[in-house]
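Remarks on the structure that follows.
Every chain is numbered from 1 and lettered A, B, ... according to where its sequence line falls, protein lines coming before strand lines. Bear in mind the structure is a predicted one, so any value in this text is a computation, not a measurement.
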Amino acid sequence: MLKLNDDQRMLQDTVRPFMADEGSITKQLRHWRDIECKDGFGHGLWEEFGKLGLTGIMVPEAQGGSGLGQVEANVVLEEIGRNLTPSPFLTTAVATVRALESTAHADAHFAGIVEGKTVAALAIDEGPHHDPFKIAMTATRSGNGFVLNGNKQFAVHAGSADLILTAARTENGLALFAVKPDADGLTTENVTLTDSSKAARLTYDKVEVDADALVGEGDAPLMRALAAGRAGAASELVGVAAGAFEMTNAYLRERKQFDQPIGSFQALQHRAAHLYGEIEIARAATLKAAQLLDEGADRAARAVHVAKAKAGQVARLAVQEAVQMHGGIGMTDEHDIGFYMKRQAVVDELFGSPTYHARMAVSG
Amino acid sequence: MLKLNDDQRMLQDTVRPFMADEGSITKQLRHWRDIECKDGFGHGLWEEFGKLGLTGIMVPEAQGGSGLGQVEANVVLEEIGRNLTPSPFLTTAVATVRALESTAHADAHFAGIVEGKTVAALAIDEGPHHDPFKIAMTATRSGNGFVLNGNKQFAVHAGSADLILTAARTENGLALFAVKPDADGLTTENVTLTDSSKAARLTYDKVEVDADALVGEGDAPLMRALAAGRAGAASELVGVAAGAFEMTNAYLRERKQFDQPIGSFQALQHRAAHLYGEIEIARAATLKAAQLLDEGADRAARAVHVAKAKAGQVARLAVQEAVQMHGGIGMTDEHDIGFYMKRQAVVDELFGSPTYHARMAVSG
Amino acid sequence: MLIDEITHPVAEKCLPFRKVKVHEPFSRVAIGSVAFQNGATHPPPKGQGPVTDLEQFRAETRAWLEANCPAEMRTPMNSEKDICWGGRHFEFQSEAQKQWMEVMGERGWTVPDWPSEYGGGGLSAEETKILKQEMKSLGCRSPLTSFGISMLGPALLQFGTEEQKKRYLPQIARGEIRWCQGYSEPGAGSDLAGLSTKAEDKGDHYLVNGQKVWTSYADEADWIFCLVRTSTESKHGGISFLLFDMESEGVSTKPIKLISGYSPFCETFFDDVKVPKDQLVHEENKGWTVAKYLLGHEREMISGMGLGGGAGSSLLSEALGDIDDPILAADVARFDVDALAYQSMMEAFIDQLKAGEAHPAQPSMMKYAGTELNKKRHELLMALGGSNALEWESERSNGGAKARDWLRTKANSIEGGTSEIQLGIVAKHILQMPGA
Amino acid sequence: MLIDEITHPVAEKCLPFRKVKVHEPFSRVAIGSVAFQNGATHPPPKGQGPVTDLEQFRAETRAWLEANCPAEMRTPMNSEKDICWGGRHFEFQSEAQKQWMEVMGERGWTVPDWPSEYGGGGLSAEETKILKQEMKSLGCRSPLTSFGISMLGPALLQFGTEEQKKRYLPQIARGEIRWCQGYSEPGAGSDLAGLSTKAEDKGDHYLVNGQKVWTSYADEADWIFCLVRTSTESKHGGISFLLFDMESEGVSTKPIKLISGYSPFCETFFDDVKVPKDQLVHEENKGWTVAKYLLGHEREMISGMGLGGGAGSSLLSEALGDIDDPILAADVARFDVDALAYQSMMEAFIDQLKAGEAHPAQPSMMKYAGTELNKKRHELLMALGGSNALEWESERSNGGAKARDWLRTKANSIEGGTSEIQLGIVAKHILQMPGA
């Protein structure tokens, strides 16, 4: 059934009010931005996530988590998107947990993640455009370990992380390493992004790591992380789109121009109705991808590309329509709608843009 | 000045009522279609074009023509497009005249063209997609001439032509040949297209031509023909768009639904207003291309690509909106609006599709 | 299988269109009050029991199909000509086609989930699904396709009197009577309720005068289900739903030629047609309720067309082949993303319907998105085909099939309620936008 | 040169926006009844004579510019800080900037085509063109940019009394007074005429109370031109156009922070502000005529922004570089086609204006198409920039210039009349669509 089951709805019923309240723009995004918090999110909220069982949502029960899947993680992420709640949930509780599961690293890190203490980041992109097959960072065998050399960027939360999963190329191809942020030779430049989140540029200058820093060779752990990250980002984008859309619909009903609510103007009605359908479609495509991932289906890879491409494209339309339909007030920092546009732009690029994924959907 | 001058307007004032009357859908397109005329156009009208001085519009005055340029030819073509008037004007009076001008072939053919007797066709495309740089037809030197081998398709009017300009590849590269339709080894399959026009598939099986059949080697004569043909097709598309748009606007004002003229519905108003702007822009881009061609400017090549790409894209939108806004009646053969959609599809591909030209505009 | 091959009611071209057929009961919310389908007036389903019973049903069904389906009817359909429409004047393509329709009709398996007292198969949802699966697995053709099955039947089950059900439904099930639909009128268009075909009360009968348009296959139909005006006091509240014989005196039809060159529709004229009063469905002046029910039904079917060749259809990018046009390739990639996403939406929508969780106006969204997508698909197929696709009358192009199909899709966003009407419904009923 | 660098009135970011400046007289049809500009009230132009006179004018102009333009003012502007806005409180960036404004202002060449009795240069269209050409050829910066020059001046020339022209125009020409525009109000939005700022008649003065919003640089302006309500009997016919000093008692301003992080606009509050009656422009209750004139003017300027970096700007496809994304490349190619086509439209539009052949509502079409195009340009620039373009506060990204510029363009289709308003104007006035 391509719909949430009862357990998943219960989760949604729990998360939705929590995120709308504790995770609201006023309490989180706007607050941390205005006080120029170096992390771009609140550690207190991350611990709250832990108490609610969200941080360990994908961690196996044996390791203290809930042992749930991508569908459940996406339920959380849609609410995160809807409220623009800043947190390391996507990078840590989703992508990192998927990368480390069933590896020797799981025991070392899952407890901290479940508690809402550990923050993990992924260092994958090396240029302005996501393209993991072009990773050039080298991991050269040296003694009982490896030496990493290269540059990374757009490593979300890396400046606040306890653990940086780093993709590099060994003599055997792609590999993923668990690197400590205080490693010698690793330089971190924390950058504030458009949506007030933080992502680091990282320079690896002869960074030595032990052999057991290797999470896995071959593209399996990296691709697990990416699939989970992309499907999760798609769900967050659906949430961003839905949040912007709901705020805009309320405005259309309330705002009057020429003595009529602007929602009564047919041109706006048709655009809103079109957008409604697009958001529904993006949500369905995203749920499909999550379900297939949870089933371990071969078709999951394409479905994830479709979800990220479609959700990105739809969220872009949603925020554009939202700002335009709000008119001048939407251009002010005082109004929340602009934050949706900023967040959309960042999640759009995260783990690959819609154009990247559209290409991969038909060729990859 | 990027607008028509007084002489060009006078020409427009002459051609517009002529085409709307003599060239109307009822008198020409529908008539020839319904009686299943093998040419898809009326020779009588072609002679009328001659009497009006249209056939020789680009023929030098010394050779009995008006010695005018692409801008003037395009004035005629916009009216042709507006009324969907079938005629060999574009292939013969525009592309062929430009190809043959200042060559030894001009004297042989221009008199017949000026009179409205000669019909010329171009045989360029070899596959379903226009791409002249990939022409594979061979022209092998043999004795005092050449032997042509290969296949052509989408050769508009070739089944009715007195002259088929054929692009082929000699040892020196691209070349253009003037081939007689009754040449030995040349097989013509006349095909009816969607818009009821005729285009032939041609098979050249060891077709021998004299050396003087060579119009020119190198891509100059071919590119002259293509530039004129493409700019002309762009103008015809602007006419198709404008004709469909005008018919639709009249319908929007007249047709009532829910006790209101449908043109009073805001959603349709906005779409019509958007389309109005697009047609204006396509017309300006097309006029620019024609002016630059007439000036012999280097920038003309890109401007022609832009014009054909933009006009194609706009005409497509125009006919789609036209049919949709007409509703059911627009789906009937009895109503004229469907003819616009059919003609648009054909001119869209003729001398290269909008996607081809968009690519060439930025890379060619 | 959720996606099944059934000819779309307004299908015009060679290959059968696909529609979404939901074999599980529709929800009440989704498409009206199909109470009987939720069991309220449904007879106790046969064979609804433990899995072992269903397995037995499957085995028996398979055996029966193998024994009764002629070999010829187990080959794929090649064109619209292969569809069996039934009716008084139907020219069967072969003896096998006739035999297959009759044997299935007798068993009620032309309409497996209709109650058996009305000529149906009386099967439960699970059994119906098994029947379809077995038919598919054996390659059995659909024995009978008709607007009686897809449209009138469900309406009669919902709104007909016991007598009407007994009279008309078995004829439909057995393929004896072919029906057409008399809704649209010239001048009414999207404003369907603005119809003016008049039915005057003459005591024991109505006298019908007026004109319909877009009547699918009216020239081949035996009977018509028709909206008429019985009162001018209220626009929607003055409409009635009548059934009558197309051979009645005063009925005439004229085919409409379309831009695709085909004539699947007619203009239909009524000149003093007498219709006995027992051929009124539902109450007088309550025909709009029946019409709305049917329209919702139709939209759901049409929305399935967005899938193009259906769920298993190949992606457009696979049709790109070696075409060296990167911009066209980009359009195709984007289309495939949209098409695959819409496929998921279709799946989700059907699951929502089954669970009774779909918004009643959701079919409007689906119809809009699906038909716009299908139009785009054909635009791209034309672009991929280049000048080959422009041929209109050559053997090579199969009589211009690609271009004609493309033109035919332009009606998708008009018939069954225009895209503009659907957007308005979504804005009003789902988004709760204020009235203009 | 038809395209000239002039800062756009609502410009917010570093590099000066470009606007279309038509140096030939506007036509009557195009933007209202600019009778004086067609010669009716224009003084006999000096130097309008044979070509030899113009050549002499060119030589003299060049010599004068070479002698009077400081070297520092002959370097390209790098940021908005380099723009000279003038006014009481303006902090000149350098002595050279001040000197350049003053020497040009003295000669009237800050407003070369205004009549010389009002502080202008009194130049003919040809002479003005030559002056611009020579300034461009020598690399001279614009000596003075202001809403007084681009907006209020033309309105006063058209609607002001002789006394008002003599009083205000020379101050504008010399850069002594910096103006801001008080049009929009909270709650009015697109319905500009729905304004409620009240001006009560108190005999020799008006008493103004209310609030404006989106007042560009109100916190730096000396005077305001302001729409106020002098009658509630008619919506459009109860509006008046007032001028007053921002230092008047009761005026206060508060900057508005935008999503781009900048604050080029203010909220402006009026609390019992006394405005002498000789500061009313045009008649009482006829302010809407003046406002419409100015709006048409503004739209023309904004429509020029569609050109992005202007006529000579590089194509986006050149910015694509080695980005290996064929779908993005396809978007970029299509954008370049649209941008190049729009450039031709811009050229055609200006020629139509010059010839008096442009439809009065054509600026709405241009504004709509140009601003939508500019938004698209910046969407693509963001996509081309990838994650680099998302940086907001780094030196590398020049303080997030790309993202801030992108966000800023979102206002293009709102300010100066939303895209929806422009489409409505085109539908009504050009397409003559019936009213809803």
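Chain B forms the most heavy-atom pairs under 4.5 Å with one residue out of D:Glu372, D:Arg334, D:Gln362, and that residue is D:Gln362. Per-residue counts of heavy-atom pairs under 4.5 Å with chain D were compared for B:Leu268, B:Thr355, B:Asn249; the largest is that of B:Asn249.
Distance CD/B:Glu278 to CE/D:Met345: 11.0 Å, rounded to 0.5 Å. Put simply, OH on D:Tyr342 and NZ on B:Lys310 are 11.0 Å apart, with the number rounded to the nearest 0.5 Å. Note that NE2 of B:His274 and OH of D:Tyr368 are 4.5 Å apart. Values are rounded to the nearest 0.5 Å. Atom CD1 of residue D:Ile350 and atom CE of residue B:Met1 lie 10.5 Å apart, to the nearest 0.5 angstrom. Here the CG atom belonging to B:Leu252 is positioned 9.0 Å from the CG atom belonging to D:Leu431, to the nearest 0.5 angstrom. Note that the CD atom of D:Gln343 and the CG atom of B:Leu2 stand 11.5 Å from one another [nearest 0.5 Å].
The number of heavy atoms from other shown groups lying within 6.0 Å of NZ (D:Lys428) does not exceed 12. The 12-atom threshold is not exceeded at CG of B:Asp298, counting heavy atoms of other residues, nucleotides or ligands nearer than 6.0 Å. The number of heavy-atom neighbours closer than 6.0 Å to NZ of D:Lys376, taken from other residues, nucleotides and ligands shown, is 12 or below. No more than 12 heavy atoms of other residues, nucleotides or ligands shown are found within 6.0 angstrom of CZ on B:Arg299. Heavy atoms of other residues, nucleotides or ligands lying less than 6.0 angstrom from CE of B:Met10 number 12 at most. The 12-atom threshold is not exceeded at NZ of B:Lys256, counting heavy atoms of other residues, nucleotides or ligands nearer than 6.0 Å.
For the pair D:Ala427 and B:Gln269, the tightest heavy-atom approach, listed with the atom from each and the gap, is CB-CB, 3.7 Å. When all heavy atoms of D:Ala341 and B:Val306 are compared, the pair lying nearest together is N-CG1, 3.9 Å. For the residue pair D:Ala355 and B:Lys3, the shortest heavy atom distance occurs at CB-CE, 3.4 Å. The two residues D:Val337 and B:Ala309 make their nearest non-hydrogen contact at CG1-CB, 3.9 Å.
For D:Ile430, the part sitting under 4.5 Å from any heavy atom of chain B is the side chain, from C-beta outward, and nothing else. Within the 4.5 angstrom heavy-atom criterion, atoms from both the backbone and the side chain of D:Ser344 approach chain B.
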(request) Using the side-chain contact (heavy atoms from CB on, under 4.5 Å) rule, take B:His270 and D:Val426 through it: C-alpha gap first, then chi angles, then the decisive distance, then the call. (result) CA-CA 8 Å; B:His270 282 199; D:Val426 170; over 6 Å; no
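Between D:Pro434 and B:Arg253 the shortest side-chain heavy-atom distance falls below 4.5 Å.
Remark: side-chain polar atoms of B:Arg359 are not paired, donor with acceptor, to backbone N or O of D:Ala330 under 3.5 angstrom.
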